[in-house]
Participant: 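Below: one structure in structure tokens.
Not measured: the values here are computed from a predicted model. Heads up: numbering here begins at 1 and tracks the sequence.
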Amino acid sequence: MPADEAVTAAPPSALYRALDREDWARLAPEMEQPLTAAEVVQLRGLGDRLDLQEVQEVYLPLSRLLSLYARATKSLGASTSTFLHEPDTTTPFLIGIAGSVAVGKSTIARLLRELLSRWSDTPRVELVTTDGFLYPNEELERRGLMARKGFPESYDRRALLEFLTDLKSGAPVARAPFYSHLRYDIVPDAVVTVRRPDVVIVEGLNVLAPPPSANEVSVSELFDFSIYVDAAPDDIAQWYVDRFMALKNGAFANPSSYFNAFAEMNDEEAHETALGYWSSINLPNLVENVLPTRHRATLILQKSAQHTVDRVLLRKL
């Protein structure tokens with residue numbers, strides 16, 4: 001499929017219920033807002049327009065829907081164990097969140113972790129990002145993949161599958177590598193430990209990608225529910241540049257930052273550098289690998305140019 005067609009192609013409408021922002025917000029008129037304005041600010045990523053109204057109208061209903069899915073899945077697992085005359089071995093409910101760089105999926109993942117933990121069915125929620133399953137920079141350099149960091153081939157797919165399989169097989173403990181955004185690399189001997197929570201949210205660019213070959217298992221097959229965060233590529237490009245500029249004047253100024261050299265650029269140089277990274281790396285990855293997985297999601301959050309959700313697509317059961 002040509003790049004321009006891939007950008008504009010929409011998921012099959014017959015597979016989804018489409019609700020605009022107003023109709024979606026009506027689904028939770030009596031749900032009490034569990035977060036304060038200060039908590040929302042702490043959860044919000046650079047450039048995101050997340051506020052209490054967005055939480056109330058979009059993410060609180062979504063968290064309730066996810067809690068209902070988690071409860072139903074747990075009930076089905078218990079019923080199956082009863083049918084088989086086995087002990088109940090229900091495993092964590094796995095949620096995958098996919099989408100482009102800079103589209104806001106990390107903020108959404110953090111927010112849903114907080115909201116889901118407030119529902120009685122899902123009090124223990126863990127968040128894992130697939131950044132931890134990138135190959136270390138040394139290995140990426142060895143393979144000639146540093147310029148393709150974030151593309152499917154830059155991840156240790158086998159390690160990610162083993163981690164998720166541990167979770168879905170009921171292992172008491174599962175461990176993932178730890179990635180430092182400051183160092184832009186995996187931290188040796190540091191791990192994220194997950195101990196049989198009710199829900200695990202897995203956030204990453206390529207979590208809905210199909211397997212490399214027909215004989216392999218895809219990561220998405222292990223999810224109980226999946227979300228794709230969608231927006232027009234031109235809007236995402238602007239958000240990416242805005243975030244890069246904010247980081248230049250913030251985190252990049254840290255002497256320990258991998259990108260410290262960018263802090264010395266003037267604004268025009270930084271703007272051009274950000275556009276270059278977007279055009280040469282992030283946009284091709286979006287068009288070739290990320291956007292084509294949108295139709296595999298259970299739910300699609302469509303964002304407007306204002307970085308707020310204006311439409312929700314929910315796959316029909």
Side-chain angles (χ1 to χ4, degrees), residues 11 13 15-37 39-45 48-75 92-100 103-129 197-204 207-208 220 223-231 293-304 306-317:
S13 59
L15 297 179
Y16 289 88
R17 297 179 176 90
L19 297 95
D20 62 26
R21 169 70 170 260
E22 186 176 346
D23 290 335
W24 179 259
R26 288 198 192 102
L27 299 177
E30 299 177 358
M31 292 183 189
E32 183 178 351
Q33 171 63 264
L35 301 177
T36 66
E39 288 173 318
V40 171
V41 169
Q42 290 176 342
L43 293 168
R44 187 170 59 206
D48 284 340
R49 301 287 179 84
L50 186 68
D51 57 20
L52 284 174
Q53 182 179 356
E54 185 87 351
V55 173
Q56 183 72 38
E57 295 183 356
V58 177
Y59 298 105
L60 193 54
L62 177 54
S63 73
R64 183 54 181 156
L65 178 67
L66 290 170
S67 75
L68 292 174
Y69 267 74
R71 179 200 295 175
T73 301
K74 184 175 182 179
S75 177
F93 186 78
L94 262 58
I95 301 170
I97 300 181
S100 172
V103 80
K105 61 187 181 300
S106 296
T107 294
I108 292 170
R110 291 192 298 269
L111 176 60
L112 288 176
R113 177 182 59 188
E114 293 302 315
L115 291 175
L116 280 168
S117 68
R118 314 295 173 103
W119 292 107
S120 60
D121 297 310
T122 55
R124 297 176 299 133
V125 185
E126 296 284 354
L127 169 59
V128 176
T129 74
D198 301 298
V199 176
V200 179
I201 299 170
V202 182
E203 176 258 310
V207 295
L208 297 183
S220 62
F223 295 143
D224 299 293
F225 195 101
S226 56
I227 298 168
Y228 186 92
V229 187
D230 193 25
T293 71
R294 177 175 55 181
H295 70 282
R296 299 168 66 89
T298 315
L299 181 139
I300 301 171
L301 295 172
Q302 294 186 332
K303 286 190 168 187
S304 68
Q306 286 69 47
H307 223 318
T308 56
V309 173
D310 62 2
R311 194 162 179 255
V312 179
L313 304 179
L314 177 63
R315 185 181 282 271
K316 298 173 182 177
L317 295 176

Participant: Under the side-chain contact (heavy atoms from CB on, under 4.5 Å) rule, what do L313 and D230 come out as? Steps first, then yes or no, please.
Facilitator: CA-CA 10 Å; L313 304 179; D230 193 25; over 6 Å; no
Participant: Has the side chain of D198 got a donor or acceptor atom that lies under 3.5 Å from a matching backbone atom of V125?
Facilitator: no
Participant: Under the side-chain contact (heavy atoms from CB on, under 4.5 Å) test, which residues partner R44, sequence neighbours left out?
Facilitator: V41, D48, L50
Participant: Looking at CZ of R296 and CZ of F223, how far apart are the two atoms once the value is rounded to the nearest 0.5 Å?
Facilitator: 10.5 Å
Participant: Could R110 and E114 be called an ion pair, given the rule that one side-chain N must be under 4.0 Å from one carboxylate O?
Facilitator: no
Participant: Can you measure from CG (L68) to OG1 (T73) and round to the nearest 0.5 angstrom?
Facilitator: 10.5 Å
Participant: CD1/I95 to CG/L66 distance, rounded to the nearest 0.5 angstrom?
Facilitator: 4.5 Å
Participant: Output yes when R21 and E57 qualify as a salt bridge under the 4.0 Å nitrogen-oxygen rule, no when they do not.
Facilitator: yes
Participant: Return yes if some donor-acceptor pair links the side-chain N/O of S226 with the main-chain N/O of T298 below 3.5 Å, else return no.
Facilitator: yes
Participant: Which distance, rounded to the nearest 0.5 Å, do you find between the CD1 of I201 and the CD1 of I227?
Facilitator: 7.5 Å
Participant: Distance check, rounded to the nearest 0.5 Å: S75 atom OG versus D121 atom CG?
Facilitator: 10.5 Å
Participant: With a 4.5 Å cut-off on side-chain heavy atoms, are R64 and S67 touching?
Facilitator: yes
Participant: Only one of L43, V58, L60, V40 forms a side chain to side chain contact (heavy atoms under 4.5 Å, CB included) with L111, so which one is it?
Facilitator: L43
Participant: For residues R118 and L35, report the shortest heavy-atom separation together with the two atoms involved.
Facilitator: NH2-CD2, 3.4 Å
Participant: Distance only, no hydrogens: is a donor on one side chain within 3.5 Å (strictly under) of an acceptor on the other, for S304 and Q306?
Facilitator: yes
Participant: When you measure from the side chain of S63 to the backbone of L116, do you find a donor-acceptor pair of N or O atoms at a distance under 3.5 Å?
Facilitator: no
Participant: Start with the C-alpha distance between L62 and V312, add both sets of side-chain angles, then the distance that settles side-chain contact (heavy atoms from CB on, under 4.5 Å), and finish with yes or no.
Facilitator: CA-CA 10 Å; L62 177 54; V312 179; over 6 Å; no
Participant: Run the side-chain contact (heavy atoms from CB on, under 4.5 Å) check on Y69 and V199 step by step: do they pass?
Facilitator: CA-CA 11 Å; Y69 267 74; V199 176; over 6 Å; no
Participant: Roughly how far, to the nearest 0.5 Å, is NZ of K105 from OG1 of T129?
Facilitator: 9.5 Å
Participant: So does Y59 get a backbone contact from the side chain of E54, meaning a donor-acceptor N/O pair under 3.5 Å?
Facilitator: no
Participant: Taking the side chain from K303 and the backbone from V103, do they hold a donor-acceptor pair closer than 3.5 Å?
Facilitator: yes
